[in-house]
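Below: the structure, in structure tokens.
Just so it is clear, the model here is predicted, and its values are computed rather than measured.
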Amino acid sequence: MQGWRPGADTVRGDPEVGELLNRARHLFSEHVLKRRMWEAGLRA
């Protein structure tokens, strides 16, 4: 099972989180990547 939630000290929409997710996009299906971006407060 995959699971991830932004930490309490993570600012929603933080561009650094978006950059990290984009760099790791090859590890996720498109659906999972969109979900992670949404959970982080970012646009996919």
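Follow the hydrophobic side-chain contacts under 4.5 Å out from Val32 and you reach Val17 in the same cluster.
Distance check: Asp14 CG to Leu42 CG gives 7.5 Å after rounding to the nearest 0.5 Å. With values rounded to the nearest 0.5 angstrom, Lys34 atom NZ is found 12.5 Å from Arg43 atom CZ.
No more than 12 heavy atoms of other residues, nucleotides or ligands shown are found within 6.0 angstrom of CZ on Arg23.
Leu21 and Ala40 get closest at one heavy-atom pair: CD1-CB, 4.5 Å. The shortest non-hydrogen separation linking Arg12 to Glu39 is NH1-O, 2.8 Å.
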